[in-house]
Amino acid sequence: MRKLAHASVLLLALHPLAEAAKLRVVATIPELVDITQRVGGDLVSVDGLARGTEDIHQVVMKPSFVTKLNRAASVVYLGLTVEHGFMPGLLDVARNPAMRPDPDTLNCLGPGCVDCSAGVRVLEKPESLSRAQGELHPQGNPHYNLNPENGRAIARNIAAGLSRIDPAHAADYEKNLTTYLAELDPKIAEWKELAAPLKGVKAVSYHKDVPYLGAFTGIDFVDTIELKPGVAPTPTHLAELVKKMREQKVSLIVREQQYDAKAPAWLAEQTGAKVAVIGTMANSLPGTETFIKLSEANLKNLLKAAGR
Ligand SMILES: [Zn+2]
């Protein structure tokens, strides 16, 4: 074992700039790949898991994910159980001591785990662990990546995580974080101004993934097309929704691109509300390759559909 350790130290010494010397990081979703790349710079190589067009609650697992997780020094994830459909199972099979699934909570356990939700103000947090909101949001609403302001917490958590795992380069990660925030902060101020006309606009979404977007834009989301998170709409629910939308003068329907277009189109026909298509992850729609581009594209699509 010691011989092996010596051999790998020697190997690293001979190739200090080789790809193998980079910190291998896996990020669960595309915008976390993007922000990890920004904060990690040349020091890290980042692999992603979910495709942006997928439903984060139903990511299709591939054997290559196990290999990526097995080799990684760190895994960066949104947390709040949103990746529980795929991450605990993958971590179990990947057998990486730096990132194991907690047998009780299924959360990531170990020095390589970077939970981006640390410090985020969680909305719809239940008083006690409850499945009243369906099976998918037991720890409160996990879709905080749709509030652009939470990009700051995400980037800070990634910088802190990388510095913990690779303390020799902590100053580099801190510097990259500062550069990223210097780009993000003025964008947030600009988007806040752009979003002003959306304040008070009543809307429904397909899935309950919009409370954080509502908090940022001022859009008043009154209901969802789904019965509960993860529970498909019933004809009775849709009929009641039409009534509610007419009564409350709901003028906007938000369809997340991964959901079926039929129910939103039918509701639009019944109520005269306009449909805005948004992405819930980067790489979900054209021009949404990064966290910043996704935030901007979603806002512009909402403004356009709302006629503002
Ligand atoms: Zn959800």
Side-chain angles (χ1 to χ4, degrees), residues 1 4-5 7-8 11-12 18-37 39-40 43-118 120 129 131 134-145 154 157-158 160-166 207 209 229-230 258 280-284:
M1 191 63 204
L4 200 69
S8 48
L11 210 66
L12 286 178
E19 193 69 16
K22 290 191 180 192
L23 196 70
R24 283 178 183 270
V25 182
V26 169
T28 54
I29 63 170
E31 61 264 47
L32 296 185
V33 172
D34 160 49
I35 301 177
T36 305
Q37 268 163 352
V39 173
L43 298 165
V44 301
S45 80
V46 192
D47 270 320
L49 299 181
R51 282 176 295 120
T53 48
E54 286 186 287
D55 173 351
I56 192 166
H57 293 298
Q58 304 202 29
V59 172
V60 178
M61 291 189 255
K62 295 184 199 138
S64 62
F65 292 179
V66 176
T67 317
K68 288 174 181 176
L69 286 165
N70 176 264
R71 290 180 187 159
S74 173
V75 59
V76 174
Y77 53 95
L78 279 181
L80 298 172
T81 78
V82 78
E83 289 107 335
H84 272 194
F86 62 104
M87 229 176 98
L90 289 169
L91 291 178
D92 195 31
V93 184
R95 297 187 172 279
N96 184 335
M99 47 188 87
R100 306 176 310 274
D102 182 312
D104 296 325
T105 63
L106 299 182
N107 291 337
C108 186
L109 210 63
C113 305
V114 177
D115 182 347
C116 291
S117 74
V120 169
L129 194 69
R131 305 279 174 189
E135 296 293 320
L136 294 181
H137 300 163
Q139 290 183 4
N141 197 295
H143 300 284
Y144 64 89
N145 53 322
I154 293 172
N157 282 323
I158 293 172
L162 294 178
S163 300
R164 190 184 67 231
I165 294 154
D166 178 24
H207 181 69
D209 44 17
Q258 69 270 29
T280 53
M281 292 193 258
N283 269 339
S284 48

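P142 approaches G79 most closely through the heavy-atom pair CB-O, 4.2 Å. For the pair G112 and S74, the tightest heavy-atom approach, listed with the atom from each and the gap, is O-OG, 3.0 Å. Residues L23 and A73 share a closest heavy-atom pair of CD1-CB, 3.8 Å. Residues P101 and P88 approach most closely at CG-O, 3.6 Å, considering heavy atoms. Shown here for L136 and G230, the closest heavy-atom pair between the two residues is CD1-CA, 3.4 Å. Minimum interatomic distance between G52 and S284 (heavy atoms only, all atoms of both residues): O-CB, 3.2 Å.
A distance of 8.5 Å separates OG in S64 from CG in D47, rounded to the nearest 0.5 Å. Distance check: L91 CG to D102 CG gives 11.5 Å after rounding to the nearest 0.5 Å. Expressed to the nearest 0.5 Å, how far CE of M281 lies from OG1 of T53 amounts to 7.5 Å.
Residues meeting the side-chain contact (heavy atoms from CB on, under 4.5 Å) test with D115, sequence neighbours left out: Y77, S117. Listed by chain and number, the residues in a side-chain contact (heavy atoms from CB on, under 4.5 Å) with A27 are L32, V33, T36, V46, V76 (sequence neighbours excluded). R95 meets the side-chain contact (heavy atoms from CB on, under 4.5 Å) test with no other residue; sequence neighbours excluded. Applying the side-chain hydrogen bond (donor to acceptor under 3.5 Å, both in side chains) rule to D166 yields the partners H169, Y173; only residues at least two apart in sequence or on another chain are considered. Annotation: side-chain hydrogen bond (donor to acceptor under 3.5 Å, both in side chains) contacts of N283 (sequence neighbours excluded): none. With sequence neighbours excluded, the residues that form a side-chain contact (heavy atoms from CB on, under 4.5 Å) with N70 are A94. Residues passing the side-chain hydrogen bond (donor to acceptor under 3.5 Å, both in side chains) test with H84, sequence neighbours excluded: N107. For Q258, the side-chain hydrogen bond (donor to acceptor under 3.5 Å, both in side chains) criterion is met by T280, not counting sequence neighbours.
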Yes or no on side-chain contact (heavy atoms from CB on, under 4.5 Å) for I29 and N145, after CA distance, side-chain angles and deciding distance? CA-CA 11 Å; I29 63 170; N145 53 322; 4.1 Å; yes
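Side chain of R100 to backbone of G110: no donor-acceptor contact under 3.5 angstrom is found. At distances below 3.5 Å, at least one donor-acceptor pair connects side-chain atoms of N96 with backbone N or O atoms of L69. Here the side chain of Q58 pairs no donor or acceptor atom with the backbone of G85 at under 3.5 angstrom. Without hydrogens or angle criteria, Q139 side chain to L80 main chain gives no donor-acceptor distance under 3.5 Å.
Contacts classified as disulfide (SG to SG under 2.5 Å) and involving residues 78-113 (residues at least two apart or in different chains) are given here: C108-C113. Applying the salt bridge (Lys or Arg N to Asp or Glu O under 4.0 Å) test to every pair with at least one member in residues 49-59, sequence neighbours left out, gives these pairs: R51-E54. Every pair passing ring-ring contact (aromatic ring centres under 6.0 Å, His included) that includes a residue from residues 56-76 is listed here, sequence neighbours excluded: H57-H137, H57-H143, H57-H207. Applying the disulfide (SG to SG under 2.5 Å) test to residues at least two apart or on different chains, none of the pairs has a partner in residues 43-97.
Side-chain contact between E83 and V59 is absent, with no heavy-atom pair separated by less than 4.5 Å. Annotation: side chain of V25 is not in contact with side chain of I158 (no heavy-atom distance under 4.5 Å).
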